[in-house]
> 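So that we are looking at the same thing, I have put the structure below in structure tokens.
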Amino acid sequence: SIAGLPKGYTQFFDRGEGCYIYDVDGKRYIDFMASFGPILLGHQHEGVDSQVRKQMLKGNCLAGPSEKMVELAELLSRVIPYAEWAYFAKNGTDSTTIAVRMARAH
């Protein structure tokens, strides 16, 4: 809710660069929220952006798992001691459904 934001806090942003976001009037803010989580390395991080562009040339919404997904699942299972496998979901509904199925199974 915007009701809890400080008076005068902008509601509309134009762009992000590094750890900063800019409103439509050009005022700069530190993005302490990291855009609610996905911008951990900053906005317009060239290392991230170049890999995203590379993958987009291969397709951005394939109907099944890709080699990269399998590699990531194997990495997660290897580095997280309690993770025997990994599951990727496209939305919150799918994530919740699999969580409920897993809970019922155990």
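This chain uses plain numbering: 1 for the first residue, then up along the sequence.
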> Any side-chain heavy atom of Asp31 within less than 4.5 Å of one from Tyr20?
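Asp31 does not reach Tyr20 side chain to side chain.
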> Show me the pairs that pass salt bridge (charged side-chain N to carboxylate O under 4.0 Å, His left out) and involve residues 32-52, at least two apart or across chains.
Glu46-Arg53
> Is Tyr22 reachable from Phe12 through a run of hydrophobic residues whose side-chain heavy atoms are each under 4.5 Å from the next?
no
> Roughly how far, to the nearest 0.5 Å, is the OG atom of Ser66 from the NZ atom of Lys58?
8.0 Å
> Between Trp85 and Val70, is there shared hydrophobic-cluster membership here, with clusters defined by ILVMFWY side-chain heavy atoms closer than 4.5 Å?
no
> Roughly how far, to the nearest 0.5 Å, is the CG atom of Asp23 from the CZ atom of Arg15?
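Reported value, rounded in 0.5 Å steps: 9.5 Å.
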> Do Leu75 and Met69 sit in the same hydrophobic cluster, where Ile, Leu, Val, Met, Phe, Trp and Tyr count as joined when their side-chain heavy atoms come under 4.5 Å apart?
yes
> Give me the atom names and distance for the closest heavy-atom approach of Ser77 to Ala86.
OG-N, 4.1 Å
> Are any side-chain N or O atoms of Asp25 and backbone N or O atoms of Lys27, one a donor and one an acceptor, separated by less than 3.5 Å?
no
> Does CD in Gln11 sit with more than 12 non-hydrogen atoms of other residues, nucleotides or ligands closer than 6.0 Å?
yes
> Just grab all the ring-ring contact (aromatic ring centres under 6.0 Å, His included) pairs involving residues 28-60, residues at least two apart or on different chains.
Tyr9-Tyr29, Phe13-Tyr29
> Is the number of heavy atoms from other residues, nucleotides or ligands within 6.0 Å of CD (Glu67) greater than 12?
no
> For a quick test of reading the model, state the closest non-hydrogen atom pair linking Ile39 to Ser35 and the distance between them.
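Nearest pair, atom of Ile39 first, then Ser35: CG1-CB, 3.4 Å.
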> Please identify each residue that fulfils side chain to side chain donor-acceptor pair (under 3.5 Å) with Lys90, with sequence neighbours left out.
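Partners of Lys90 by the side chain to side chain donor-acceptor pair (under 3.5 Å) criterion, ordered by chain and then number, come out as Asp94.
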> If you measure from CG on Asp14 to CD1 on Ile21, what distance do you get to the nearest 0.5 Å?
11.0 Å
> Examine Tyr82 and Ile98 and state if one hydrophobic cluster contains both, with Ile, Leu, Val, Met, Phe, Trp and Tyr joined whenever side-chain heavy atoms are less than 4.5 Å apart.
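Cluster IDs for Tyr82 and Ile98 differ.
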> Can you hop from Val52 to Leu62 via hydrophobic side chains spaced under 4.5 Å?
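The answer is no; the residues belong to distinct hydrophobic clusters.
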